[in-house]
Amino acid sequence: MNRRSFLLSIPATMVAMTAAHAEGDALAVAFNNLSATEKVAAQEKLAAGGFYTGGLDGSFGPGTKSAAINAAAFIKDNSYGKIIFDLSSTSGAEKFLVSLTTGDLDKYLWGEGDESDGG
């Protein structure tokens, strides 16, 4: 392979590697399947809950990923294990993100979940 062919192949390789990495991350795939409005809404909910401090730009990165994982764990604890999302599967991550953006999880994010009911 000559130098020019090699240099021209780098962008294609990078795109292929990025797509393969995203496919291996169910949460990233689920987030990227959201509409632009839903992506920002998810980040807004995570920020309002104190889990996300990044920009509300609708981009999935380490901050959004960490915030979603921590929020899901908090919701599990705050619901006494009644609400559990499998963020390792695309369907579980999609359920979490849709529930998050529609406000179905608000009472668990704000500390008003089942803890006041004793479980």
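Computed over heavy atoms, backbone and side chain alike; hydrogens, waters and symmetry mates excluded.
- Within the 4.5 Å cutoff, no side-chain heavy atoms of Lys95 are placed close to those of Asp86.
- In terms of heavy-atom proximity, Ala26 sits nearest to Ser88 at CB-O, 3.4 Å.
- Between Ser99 and Phe85 there is a side-chain heavy-atom pair separated by less than 4.5 Å.
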Phe74 and Tyr108: ring pair (Phe, Tyr, Trp, His ring centres under 6.0 Å), yes or no, with the steps? CA-CA 8 Å; Phe74 181 81; Tyr108 297 103; 9.3 Å; no

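- A 4.5 Å side-chain heavy-atom check between Leu109 and Leu100 finds at least one atom pair inside the cut-off.
- With a 4.5 Å cut-off on side-chain heavy atoms, Phe96 and Leu105 count as touching.
- The CD atom of Gln43 lies 11.0 Å from the OG1 atom of Thr53; values are rounded to the nearest 0.5 Å.
- In this structure, Ile83 is a member of the same hydrophobic cluster as Leu97, with clusters built from ILVMFWY side-chain heavy atoms closer than 4.5 Å.
- A donor-acceptor contact shorter than 3.5 Å links the side chain of Tyr52 to the backbone of Gly55.
- Considering CD of Glu94 and CG of Leu27, their distance stands at 10.5 Å, rounded to 0.5 Å.
- In this view, Phe60 and Phe31 satisfy the ring pair (Phe, Tyr, Trp, His ring centres under 6.0 Å) rule, not counting sequence neighbours.
- Taken to the nearest 0.5 Å, the CG atom of Leu87 stands 10.5 Å off from the OG1 atom of Thr90.
- For the pair Ser66 (side chain) and Gly63 (backbone), a donor-acceptor distance under 3.5 Å is absent.
- A salt bridge links Lys65 with Asp25; the closest basic N to acidic carboxylate O contact falls under 4.0 Å.
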Side chains of residues 34-42: which donor-acceptor partners sit under 3.5 Å, not counting sequence neighbours?
unit_1: Ser35; atom_1: OG; unit_2: Glu38; atom_2: N; d: 3.1
unit_1: Ser35; atom_1: OG; unit_2: Glu38; atom_2: OE1; d: 3.3
unit_1: Glu38; atom_1: OE1; unit_2: Ser35; atom_2: N; d: 2.8

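- Counting only distance, with no hydrogens or angles, the side chain of Glu44 and the backbone of Leu56 share no donor-acceptor pair below 3.5 Å.
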